[in-house]
Number of protein chains: 2
Amino acid sequence: MDKSKKPRRRAGSISPDERVQAILEAACAVFLEKGFANARVEDVAARAGIAKGTVYLHFASKEALFEALISSLALPPLDGLTALLADETGSSADLLRRAIGIFKDGVLASERRHVLRLLLTEGPRFPAIARFHHDHVVSRAIPMLRAVVARGVERGEFATDALARFPHLFVSPMLLALVWEALFSDIETLDVDGLMNAHLELILRAMEPR
Amino acid sequence: MDKSKKPRRRAGSISPDERVQAILEAACAVFLEKGFANARVEDVAARAGIAKGTVYLHFASKEALFEALISSLALPPLDGLTALLADETGSSADLLRRAIGIFKDGVLASERRHVLRLLLTEGPRFPAIARFHHDHVVSRAIPMLRAVVARGVERGEFATDALARFPHLFVSPMLLALVWEALFSDIETLDVDGLMNAHLELILRAMEPR
DNA sequence: TGATTATGACTGACTGGTCAGTCATAATCG
DNA sequence: CGATTATGACTGACCAGTCAGTCATAATCA
């Protein structure tokens, strides 16, 4: 409509923070569609409604932009988990049930799953990102899950500590769901809810005292 | 009966089959180290001890080379699994135990795991490869596992069919081990044997009739 | 047999295209 | 105004894929 040649920023236009946010959002879309190597900084800029050079006013390099993107989205859902698992009132089984819910809603069902997928596919070539995610997400989540299971075992609610030794097992089906979606979603859909319910059923039966 | 063809070759030359093999091996090393996008065909050639142009005498493009690499390594271990699961004599629990062994030896502990990792990271941008793997590996393995569990349930050896509905759950810890190695191996090692034993323990406890 | 020609596997310099990152310039703000 | 922010043409590096030429060997000839 109006813009014919030069829609320049006007008074009260967006702040640097908003600009950064816009770039990150655009970067998310472009990196997800193309992967790191095939994504063009120019496309990110275009999608954010700015010129390529402007991206470099906010990020030192394409790589820095990518790392900022991953980092900015990795953390939030972990807090929900922290809060949940601190709760000592309910049964341990319920706690696990709700932990699955958090994973499902906070990761698998949210846009965040795409970023996690990106971490998965690009991580091997970005050790810094892998390390960041390990230090800030994995190495926090594992002990939390471990503590919940250990407590359940102590209280006599759970009959085996296999899951306390390897909380990874609790998470692996979600990883599978993620990978399945990335690779096979348009060949054969996976019933993620069914999968998670079956997972929970198996876990809880396995730990049930008899 | 024998070769009607008389290949004309230079001094240090080898047969076409061996050449292709050498290229695939070199490609494996280079693609693993760099990923598809960052791998240079020239490096593959150099590693195979030939010139770049020669690669194109055997493969139409870098992409074709990559697809040939993945395809050539995906199939073998599946046959071991087929043979194993056809065996109706032992207990179903034992069958699952041995299936894990096959996965562990045939994939996780072999060089093949690297190729699987490559499939994982590059698959999203190579739908053809993802489809190939789905059609030739996944869609064969899942029904096999399903059949074993279903039989166990019918025979009264297993108390729940959750695993028959989602054989994916049986495989997901191996996927996790693979991903962990790709991302975090030099930050924190994962005890894969311990993980698989814990997995088996949980699965079997869960299905144990009581 | 040794000399000559035919073959095709192999080479690597070259081309054409892509794209990250730069910077002189321009627009806008305060 | 000068300061701040944005632009996009440009550069330099990189690399997939090509192809005209090389040369070891096989086939044929004398």
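In the text below, chain A, chain B and the rest are named by the order of the sequence lines, each starting its count at 1.
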Select one nucleotide: of [options], the one nearest the side-chain heavy atoms of [X].
X	options	value
Val41(A)	dA16(D), dA20(C), dT7(D)	dA20(C)
His58(B)	dC10(C), dT11(C), dG17(D)	dC10(C)
Tyr56(A)	dT11(C), dT22(C), dG8(D)	dT22(C)
Leu57(B)	dA13(C), dA20(C), dC10(C)	dC10(C)
Arg19(B)	dC15(D), dC10(C), dA6(D)	dC10(C)
Thr54(A)	dT7(D), dG21(C), dG12(C)	dT7(D)
Arg40(A)	dA16(D), dT7(D), dC19(C)	dC19(C)

Interatomic distance where [atom1] belongs to [X] and [atom2] belongs to [N] [whole Å]:
X	N	atom1	atom2	answer
Glu42(A)	dC10(D)	CD	P	13 Å
Phe36(A)	dA20(C)	CZ	P	8 Å
Leu65(A)	dC19(C)	CG	P	16 Å
Ile50(B)	dG12(C)	CD1	C1'	13 Å
Phe59(A)	dT5(D)	CZ	P	16 Å
Lys62(A)	dA13(D)	NZ	C1'	14 Å

Please classify the nucleic acid contact of [X] as base, sugar-phosphate, or nothing, using heavy-atom distances under 4.0 Å.
X	result
Ala37(B)	nothing
Ala45(B)	nothing
Lys52(B)	base

Is it true that [X] and [Y] make a salt bridge, defined as a side-chain N closer than 4.0 Å to a carboxylate O?
X	Y	value
Glu67(B)	Lys62(B)	no
Glu33(A)	Arg117(A)	no
Arg47(A)	Asp43(A)	no
Lys104(B)	Asp193(B)	yes

_dC23(C): pairing nucleotide in any strand, Watson-Crick or G-U under 3.5 angstrom_ = dG8(D)
_For dG17(D), the Watson-Crick or wobble partner whose two distances fall under 3.5 Å_ = dC14(C)
*asked:* Phe66(B) vs Phe59(B), test: ring-ring contact (aromatic ring centres under 6.0 Å, His included). Steps then yes/no.
replied: CA-CA 9 Å; Phe66(B) 184 68; Phe59(B) 298 93; over 10 Å; no
_Let me spell it out: for each of Asn38(A) and Gly53(A), pick the nucleotide of DNA chain C with the closest heavy atom. Which residue's pick is nearer the 5' end?_
Asn38(A)
